[in-house]
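Below is one structure; the comments refer to it alone.
Everything quoted here is computed from the prediction, not taken from an experiment.
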Amino acid sequence: MRSNSDHDLLAKLKGMPDMKMSGEQKHEIVSAIRQTNVSKSGGTASYRGFSALGKGLALCSVLAVTVWLGASLLTNQQQSTMPGTVAPIAPGSPTASPGPGPNNSVTTPPSPQSEELLSQIRSNAKEGRVISLPFVLEKTVDEVEKGWGKPEKTYTANGLIYSAYPKKEVVFGYNKGMQIVDMHRTDLRLQQISLSAVEKSWGKPGRISEFGNQTIYTYDVTNNYQVKFHFQGTKSTNKEDLILVEYHLYYPQGNKNLMLYANNAEILQSVRDLARKGQTFGSQYRVEKDMFDDAEKQLGKPDVVSFINGITYNTYRDLNLVFAFNKGMQIVDIRSYDPRLQAITLAEVRETLGEPASKTTTGGQTIYTYKVTPDYELKFIFSGIMTDDPNTLYIDHVNIYYPRGTFNNMAG
């Protein structure tokens with residue numbers, strides 16, 4: 001059955017001047033039309049309607065068709081500039097740079113609407129608010145429940161309790177004192193903002209990281225508050241300008257439990273003690289001892305799944321955790337992107353834990369590896385290279401790694 005687009009195209013062609021064309025000219029025009037149709041349909045098209053078009057094309061004017069076709073192609077190219085789906089990459093892979101990739105991506109000029117929205121985000125963030133909502137950081141979550149009722153979902157992560165209101169497009173994170181310290185905003189208007197628009201309006205961020213197939217730009221908007229822009233995809237895997245999908249407003253000081261950890265040194269000592277048990281910060285699961293299919297019953301389905309050398313990596317964005325397991329479902333690597341860890345510098349790690357067993361630099365990252373038991377390795381991955389000031393290199397994520405489990409006897 002002929003498509004509507006073919007039918008409309010034929011009607012337009014029939015109304016053009018009658019001139020002869022060579023077979024080569026007909027072929028070029030039909031090929032261009034086919035390519036345009038493929039572009040509009042996302043890479044698939046039916047060619048059955050073109051046999052009838054060939055007869056109509058013989059009656060068309062070369063100049064008229066060329067002018068009309070050029071306009072049509074320009075229109076369709078503009079319609080197909082939205083970025084496609086980005087293939088998942090290994091989460092937090094030491095071979096993947098946390099910083100920006102080569103500057104060969106397409107940039108989108110910021111629209112007046114995106115510039116206005118970015119200005120609003122900044123001004124609201126300085127007041128501790130996210131756009132279009134009255135609630136404020138450092139206030140109690142009770143105020144939210146008084147206005148909106150109970151959340152649709154609650155979960156714990158990063159030392160906080162989170163209350164999700166999907167219909168309101170927001171998640172609130174609060175500490176044990178019920179104080180709001182983290183807000184995640186997913187307003188649909190954010191999708192009109194590109195990464196290049198953020199850079200133009202806000203300048204270069206204080207920190208760039210990648211997690212869960214997203215690029216994260218972190219800005220300090222005041223001495224107390226941070227804005228974290230989450231863009232879908234990574235520059236290393238996507239040449240299109242990345243699109244904003246959500247942003248977080250975070251109060252780091254409110255996420256410090258001084259009764260549990262008096263300082264960063266105590267956090268690091270806890271990380272080391274957990275690693276000796278096969279665990280990492282923010283997770284109850286253990287490498288070697290626990291199976292991922294059991295963990296998944298509690299965790300639910302992951303946000304991103306990727307594969308490297310026979311190992312499956314499952315990413316949970318809300319939990320800031322990545323679980324890697326072999327073909328026998330044995331957990332062999334757990335990675336924590338807890339924001340409390342990301343406030344710790346390389347200098348503090350070295351001062352508290354001493355010199356590592358090995359140091360490497362790859363893909364714009366510095367990796368410190370500590371041998372915590374004969375079987376387990378504790379890895380600190382920092383954003384930046386070792387030649388930089390150790391007081392300016394911050395943890396990106398921490399791994400508890402079981403090397404022997406990556407050589408799976410069930411691999412076949």
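The closest donor-acceptor contact from the side chain of D290 to the backbone of A295 lies at 3.5 Å or more, if one exists at all. For the pair T361 (side chain) and I385 (backbone), a donor-acceptor distance under 3.5 Å is absent. Remark: the backbone N or O of I400 is not paired with any side-chain donor or acceptor of T280 at under 3.5 angstrom. No donor-acceptor pair under 3.5 Å is formed between the side chain of E152 and the backbone N or O of Y165. A distance-only check finds no donor-acceptor pair linking the side chain of D293 to the backbone of E296 [under 3.5 Å]. A donor-acceptor pair is defined here as one N or O able to donate and one able to accept, closer than 3.5 Å; no such pair exists between the side chain of T406 and the backbone of N326.
Put simply, the side chain of P339 reaches to within 4.5 Å of the side chain of K228, judged on heavy atoms. Within the 4.5 Å cutoff, no side-chain heavy atoms of V144 are placed close to those of S163. The closest side-chain heavy-atom distance from Y337 to H397 is below 4.5 Å.
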Next on the checklist: ring-ring contact (aromatic ring centres under 6.0 Å, His included) for W202 and F229? Distances and angles first, verdict last.
Outcome noted: CA-CA 11 Å; W202 287 48; F229 290 110; 4.9 Å; yes
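Within 6.0 Å of NZ in K359 there are more than 12 heavy atoms belonging to other residues, nucleotides or ligands. Heavy-atom neighbours of E145 CD from other residues, nucleotides or ligands within 6.0 Å: above the threshold of 12.
For Q192, there are no side-chain hydrogen bond (donor to acceptor under 3.5 Å, both in side chains) partners two or more places apart in sequence or in a different chain.
The existence of a salt bridge linking R185 and E246 is excluded, since no basic side-chain nitrogen approaches an acidic carboxylate oxygen closer than 4.0 Å.
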